[in-house]
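Accompanying notes for the structure given below.
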Amino acid sequence: MSRLVIVSNRVSVPERSGAAPAGGLAVALQAALEERGGIWMGWSGNSSGEDEPGPLDLKERGKITYALTDLTKTDVEEYYHGFANRVLWPICHYRLDLAEYGRKEMAGYFRVNRFFAHRLAPMLKEDDVIWVHDYHLIPLAAELRQMGFRNRIGFFLHIPWPPADVLFAMPVHEEIMRGLSHYDVIGFQTDHDLENFAGGLKREGIGEALGDGLFSSHGRRFKGAAYGIGIETAAFAKFAQKSASHSMVRKARDSIEGRDLIIGVDRLDYSKGITQRIDAFERFVKDNPGQQGKVTYLQITPKSRSEVPEYEAMQRTVAEQAGRVNGALGQVDWVPIRYINRSISRPILAGLYRMAKVGLVTPLRDGMNLVAKEYVAAQDPEDPGVLVLSRFAGAARELSGALLVNPYDIEGTANAIARGLAMPPEERRARWRGMMDFLLEHDVTRWCDDFLKDLVPPGES
Ligand SMILES: O=P(O)(O)OC[C@H]1O[C@H](O[C@H]2O[C@H](CO)[C@@H](O)[C@H](O)[C@H]2O)[C@H](O)[C@@H](O)[C@@H]1O
Ligand SMILES: O=c1ccn([C@@H]2O[C@H](COP(=O)(O)OP(=O)(O)O)[C@@H](O)[C@H]2O)c(=O)[nH]1
């Protein structure tokens, strides 16, 4: 069996061999690496003012080598904060208005990809299978090919892929499309992202769909398909049940004093629709005076990418908005919105999800949204809560038992909250069962296996 080499911007390194990783994605990737033996390479998260980062930091954990590289401060500025998060991220989330294209940042992005390729090259063996993750590293395969590597190389995009006209607004879209053609398999979260990709190739006249999921472009043939990422469903359901008795979760339960809990959990990101969601909650309370003092909306929002101006500005906007709504609607014995601006560990989140009657997941655009899946997995089968889900999250292509909303329609989302809170138990159970069965079958291990099966067809491994 070929060795697996994973490359991603962020790497999740377990403290020691066998230790449980923090998130579902890391669980699945670690299991795949453990099975085949392999390397996981990426950015250490550290930067220095030096001209050249120090050597790779190698950490051995059983059959896996974690290879971490520092970057220079300029690299982080141009590659991560600059091109990846101020051009590719907004464009892929349909936010042309927020894209800040600059040649310096674009050059930094390609330079860091070349640097990654040069750091990876000495570790690679001829028959290694390479799996690259996400928008930070699109040009990596092209760099490796230029260095002579003929290995199977796959790419999975965790965020949406936009329609042609949105993509074409990015000055270097051609370079990016060419970069993708150097992979052997390109995975998207949903069929819509795949359709957008195929549409872009056709509109630009740079490639075509050959049928059976095959594409040709820039003189290469490759497979393109949708592989919706899953979570570690069964394990998450188990620890949600256990977490219900965690002291922190018990304290939270006591503190809401029998009120219905509505929960939102998102990085502080403009793609997540947090301000529209707070507006919808306010509208819900105003439209349903009987609910005043009866519900608590808990919004957990860790800070994210704070060095990027749009994200920094949002910190103030959301905090002010939550404060304004609490000021306007609150009573001496009731604070309608609890806004938490830091990260909560997943075991505690699981217990909070389980307590919540409504899970509010209303991004304006999202690749998948794992919170939606975790909320479902965490529910008590006898008394499940209701998922209110944006039709613009990748998860909406899979979770048909959710109440689907358009997050731009504040009144519609407010109505869905009311409907969720009032939903009879039989309907809640039926909706939840369908979603849970889907999530059990399509968990993160299945996602990983499906992708790798296409990247390394049986018999070739
Ligand atoms: O690494 P950061 O800049 O701190 O950002 C965190 C991650 O955000 C994005 O997550 C995406 O992947 C999820 C799993 O497939 C998906 O559910 C979600 O919809 C996406 O937004 C990003 O793609 C990751 O690379 C970041 O590490
Ligand atoms: O305080 C928090 C908030 C979020 N998460 C986790 O972060 C992930 C968020 O993934 P999602 O796909 O919803 O969005 P992303 O942030 O990747 O865009 C989920 O696994 C959450 O459980 C967490 O551990 N603590």
Has the side chain of [X] got a donor or acceptor atom that lies under 3.5 Å from a matching backbone atom of [Y]?
{"X": "Thr190", "Y": "Asp193", "result": "yes"}
{"X": "Asn151", "Y": "Asp128", "result": "yes"}
{"X": "Arg342", "Y": "Lys303", "result": "no"}
{"X": "Gln379", "Y": "Val386", "result": "no"}
{"X": "Lys63", "Y": "Glu34", "result": "yes"}
{"X": "Arg145", "Y": "His182", "result": "yes"}
{"X": "Glu143", "Y": "Ala117", "result": "no"}
{"X": "Arg277", "Y": "Lys272", "result": "yes"}
{"X": "Gln189", "Y": "Gly228", "result": "no"}

Before accepting this row, confirm whether a basic side-chain N of the pair [X]/[Y] lies closer than 4.0 Å to the acidic partner's carboxylate O.
{"X": "Arg250", "Y": "Asp254", "answer": "no"}
{"X": "Asp134", "Y": "Arg10", "answer": "no"}
{"X": "Asp191", "Y": "Arg397", "answer": "yes"}
{"X": "Arg346", "Y": "Glu374", "answer": "yes"}
{"X": "Lys202", "Y": "Glu208", "answer": "no"}
{"X": "Arg3", "Y": "Asp127", "answer": "no"}
{"X": "Glu232", "Y": "Lys238", "answer": "no"}
{"X": "Arg433", "Y": "Asp437", "answer": "yes"}
{"X": "Glu15", "Y": "Arg61", "answer": "no"}

Q) Does the pair Val5 and Met123 meet the rule for a side-chain contact (heavy atoms from CB on, under 4.5 Å), with working shown? A) CA-CA 10 Å; Val5 175; Met123 293 187 287; over 6 Å; no
Q: Determine, stepwise, if the pair Asp260 / Gln291 fulfils side chain to side chain donor-acceptor pair (under 3.5 Å).
A: CA-CA 9 Å; Asp260 284 343; Gln291 291 283 1; 5.5 Å; no
Q: Applying side-chain contact (heavy atoms from CB on, under 4.5 Å), run through Tyr375 and Val361 and close with a yes or a no.
A: CA-CA 9 Å; Tyr375 176 76; Val361 181; 5.5 Å; no
(Q) Listing request: all ring-ring contact (aromatic ring centres under 6.0 Å, His included) pairs with a residue in residues 405-439, at least two apart in sequence or in separate chains. (A) Phe438-His442
What is the distance from atom [atom1] of [X] to atom [atom2] of [Y], rounded to the nearest 0.5 Å?
{"X": "Glu307", "Y": "Arg86", "atom1": "CD", "atom2": "CZ", "result": "12.0 Å"}
{"X": "Leu4", "Y": "Ile64", "atom1": "CG", "atom2": "CD1", "result": "9.5 Å"}
{"X": "Ile176", "Y": "Tyr135", "atom1": "CD1", "atom2": "OH", "result": "12.5 Å"}
{"X": "Leu370", "Y": "Ile229", "atom1": "CG", "atom2": "CD1", "result": "6.0 Å"}
{"X": "Asp266", "Y": "Thr301", "atom1": "CG", "atom2": "OG1", "result": "5.5 Å"}
{"X": "Ile153", "Y": "Leu144", "atom1": "CD1", "atom2": "CG", "result": "5.0 Å"}

**Q.** Candidate pair Lys453 and Asp449, rule salt bridge (charged side-chain N to carboxylate O under 4.0 Å, His left out), full reasoning
**A.** CA-CA 6 Å; Lys453 252 184 241 146; Asp449 291 348; 5.8 Å; no
Sub-4.5 Å side-chain heavy-atom contact between [X] and [Y]:
{"X": "Glu312", "Y": "Arg305", "answer": "no"}
{"X": "Leu88", "Y": "Ile159", "answer": "no"}
{"X": "Trp161", "Y": "Leu167", "answer": "yes"}

(Q) Run the side-chain contact (heavy atoms from CB on, under 4.5 Å) test on Ile130 and Arg152 for me, step by step, so that the C-alpha distance in whole Å, both residues' side-chain angles and the decisive distance to 0.1 Å come before the verdict. (A) CA-CA 6 Å; Ile130 306 169; Arg152 297 283 293 171; over 6 Å; no
**Q.** Worked verdict on Phe222 versus Tyr183 for ring-ring contact (aromatic ring centres under 6.0 Å, His included)
**A.** CA-CA 7 Å; Phe222 52 88; Tyr183 290 93; 9.0 Å; no
Q) Among Lys223, Arg221, Arg220, which residue meets the side-chain hydrogen bond (donor to acceptor under 3.5 Å, both in side chains) test with Asp184? A) Arg220
[X]-[Y] side chain donor-acceptor pair, cut-off 3.5 Å:
{"X": "Arg119", "Y": "Thr69", "value": "yes"}
{"X": "Thr65", "Y": "Glu60", "value": "yes"}
{"X": "Thr413", "Y": "Gln276", "value": "no"}
{"X": "Thr233", "Y": "Asp443", "value": "no"}
{"X": "Arg338", "Y": "Ser255", "value": "yes"}
{"X": "Asp380", "Y": "Gln241", "value": "no"}
{"X": "Asn369", "Y": "Asp366", "value": "yes"}

Q. Yes or no on ring-ring contact (aromatic ring centres under 6.0 Å, His included) for Phe110 and Tyr79, after CA distance, side-chain angles and deciding distance?
A. CA-CA 8 Å; Phe110 284 94; Tyr79 146 84; over 10 Å; no
Heavy atoms from other residues, nucleotides or ligands near [atom1] of [X] exceed 12 (cutoff 6.0 Å):
{"X": "Asp212", "atom1": "CG", "result": "no"}
{"X": "Glu126", "atom1": "CD", "result": "no"}
{"X": "Met248", "atom1": "CE", "result": "no"}

Q) With ring centroids as reference points, do Phe156 and His158 lie under 6.0 angstrom apart? A) yes
Q) Do Phe451 and Trp131 have ring centroids that are under 6.0 Å from one another? A) yes
Q. Between Tyr80 and His136, what is the ring plane arrangement, given parallel below 30°, perpendicular above 60°, and tilted in between?
A. parallel
Q: Tell me, with the steps shown, if Phe188 and Tyr227 meet side-chain contact (heavy atoms from CB on, under 4.5 Å).
A: CA-CA 6 Å; Phe188 296 95; Tyr227 311 83; over 6 Å; no
